[in-house]
Amino acid sequence: MLASARGFWARHRRKILVSLGVAGAGYAAYRLYDAHRGQLVRVEQRAREEQAADDLVKSQLQTHFENVQRISDTTTLPFAMHYLRTRIMEELDISHLTEKLLQGKGESSALTPKEKIDTWEKIKILSFTRTVSSMWAMTLLSLYVRVQVTILGRHLYLDFARDTDGTQQEAESDTFSKSGHKDFLATADYLATYGINALIAQMQRAATEVLKEKQLKDLMSMDQVLQTVLQISDMFMSLCEDNSWINYLVPENANLYAQMLALSSSGLDDSSLLKDVGKLDQLMSETRIVLASEDFKNIIVRSLRKIAEVVTEDLAAQIGTPIPPSGLPLAKLLARVAQLSLPLLEEPNKNKHIQIIRSMPEVELFYTFLYANMPPET
């Protein structure tokens, strides 16, 4: 038996070794293939998990952005617009001038010819100043608040995204209440509280320059009214050298602004309210960079042009009767021009001008890139 086995081995040794070699190579190839396939499965699984995580982050980002925008729509902007309307109506009230003219009609000796002319000139300047100031203030505030909440939303979201233990909402709320974020949102009132007087004064200088050659008896068509509004707006911008209009919106110094907040909140210099001034300064600095960009300036110009066109259309609608091609005497338009400021400063949910600005594609694109922390392109 042993001899037979040895004979069989001797005769078939080469075949057996080849067969074993083939079988071994096949097994090795199978193991290699199986390991490679397992690695591919793990890679694909990791890719699916990463994609799912990425989709979750994108979904959270969108939800968070919508929440931040809701804060702006329901709280920040409505309150700021209400206060802005009050301030502009107080600072640019022309009712005492119109009453003065009415008294002059009843009593021939009440006004001298020169006083009457001077009063009409004041009404002319202030009527356009009031409407273009309202147009600028509404446009700046609505765009500024959107910049503000977008920057704040990104900061809150980054804090939110770093937290993976399921306590994001609690962390976000805590971050908002304990940092400079609340003070940053409060800067939405800065224009109405501190900046509006300087804006109005600059706008009045612009209106005076543009209107100095326009006489009360001159005929003005609606297109001429539009061009006059745009000229005043452009003159205002040119008078604001080095983007000085930004100072109407954003405090120049975070420390001084925080001190003003502390004094206004308690009546005393409460240094405890100044502990987050570093965060406030960071947010304000980022905001100034955005506002000073050419992209934002382009958004302002386009928004103002659109609003000026809408305002002029509203003026024609208010007149009602067909307007001669040559237009109407400027004196007859002034009261209606002044009244155009009221709808411009209407509360946001009723303000068609704010809705028009928001719906402009270039405005939406600007804020989309800003929220993604990409260079805005318009």
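Positions are given from 1 along the sequence.
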Would the distance check show the side chain of [X] and the main-chain N or O of [Y] forming a donor-acceptor pair, the cut-off being under 3.5 Å?
| X | Y | result |
| --- | --- | --- |
| T131 | F128 | no |
| K214 | K124 | no |
| K100 | T119 | no |
| R288 | I246 | no |
| Q204 | A201 | no |
| S233 | L230 | no |
| N351 | H353 | yes |

Drop me the distance from [X]'s [atom1] to [Y]'s [atom2], to the nearest 0.5 angstrom.
| X | Y | atom1 | atom2 | result |
| --- | --- | --- | --- | --- |
| D314 | L342 | CG | CG | 12.0 Å |
| I88 | R130 | CD1 | CZ | 9.5 Å |
| S303 | F366 | OG | CZ | 10.5 Å |
| E252 | N247 | CD | CG | 3.5 Å |
| K306 | E362 | NZ | CD | 9.5 Å |
| T187 | L283 | OG1 | CG | 9.0 Å |

So do the side chains of [X] and [Y] get within less than 4.5 Å of each other, counting heavy atoms only?
| X | Y | value |
| --- | --- | --- |
| L97 | L101 | no |
| V363 | L143 | yes |
| K297 | N243 | yes |
| P324 | L328 | yes |
| R87 | N197 | yes |
| M81 | M138 | yes |
| D189 | Y194 | no |
| Q318 | L340 | yes |

Looking only at heavy atoms, which two atoms of [X] and [Y] are closest? And how far apart?
| X | Y | result |
| --- | --- | --- |
| R305 | L226 | NH2-CD2, 4.4 Å |
| F296 | V290 | CB-O, 3.3 Å |
| S326 | L219 | O-CB, 3.4 Å |
| A207 | I125 | O-CD1, 4.0 Å |
| I196 | A137 | CD1-CB, 4.4 Å |
| A80 | L141 | CB-CD2, 3.7 Å |

Discussion item. If you count every heavy atom of other residues, nucleotides or ligands that lies below 6.0 Å from D223 atom CG, does the total exceed 12?
Written reply: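 More than 12 heavy atoms, drawn from other residues, nucleotides or ligands, come within 6.0 Å of this atom.
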
Cluster check [X], [Y]: I/L/V/M/F/W/Y, side chain < 4.5 angstrom:
| X | Y | value |
| --- | --- | --- |
| I300 | V250 | yes |
| L249 | L256 | no |
| M220 | L216 | yes |
| I354 | V310 | yes |
| V301 | F369 | no |

Side chains of [X] and [Y]: donor-acceptor distance under 3.5 Å anywhere?
| X | Y | value |
| --- | --- | --- |
| S95 | D93 | yes |
| R48 | Q45 | yes |
| Q202 | R205 | yes |

Discussion item. What verdict does the side chain to side chain contact (heavy atoms under 4.5 Å, CB included) test give for M360 and I299, after you've listed the backbone C-alpha separation in whole Å, the side-chain angles of each residue and the deciding distance to 0.1 Å?
Written reply: CA-CA 10 Å; M360 293 172 64; I299 291 299; over 6 Å; no

Practice prompt. Sequence neighbours left out, what pairs pass ring-ring contact (aromatic ring centres under 6.0 Å, His included) with at least one residue falling in residues 208-260?
Written response: W136-F236, Y190-Y257

Worksheet item: Where do V149 and L77 land on the side chain to side chain contact (heavy atoms under 4.5 Å, CB included) test, with the steps shown first?
Response: CA-CA 10 Å; V149 296; L77 185 57; over 6 Å; no

Worksheet item: Salt bridge between E121 and K114, side-chain N to carboxylate O under 4.0 Å?
Response: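 So E121 does not pair with K114 through a salt bridge.
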
Fill in: Evaluation steps, side chain to side chain contact (heavy atoms under 4.5 Å, CB included), between Q231 and Q227
CA-CA 6 Å; Q231 287 170 14; Q227 294 308 315; 4.2 Å; yes

Worksheet item: Would Q355 and R358 satisfy side chain to side chain contact (heavy atoms under 4.5 Å, CB included), going step by step from the backbone distance to the final call?
Response: CA-CA 5 Å; Q355 303 306 323; R358 286 178 177 176; 3.8 Å; yes

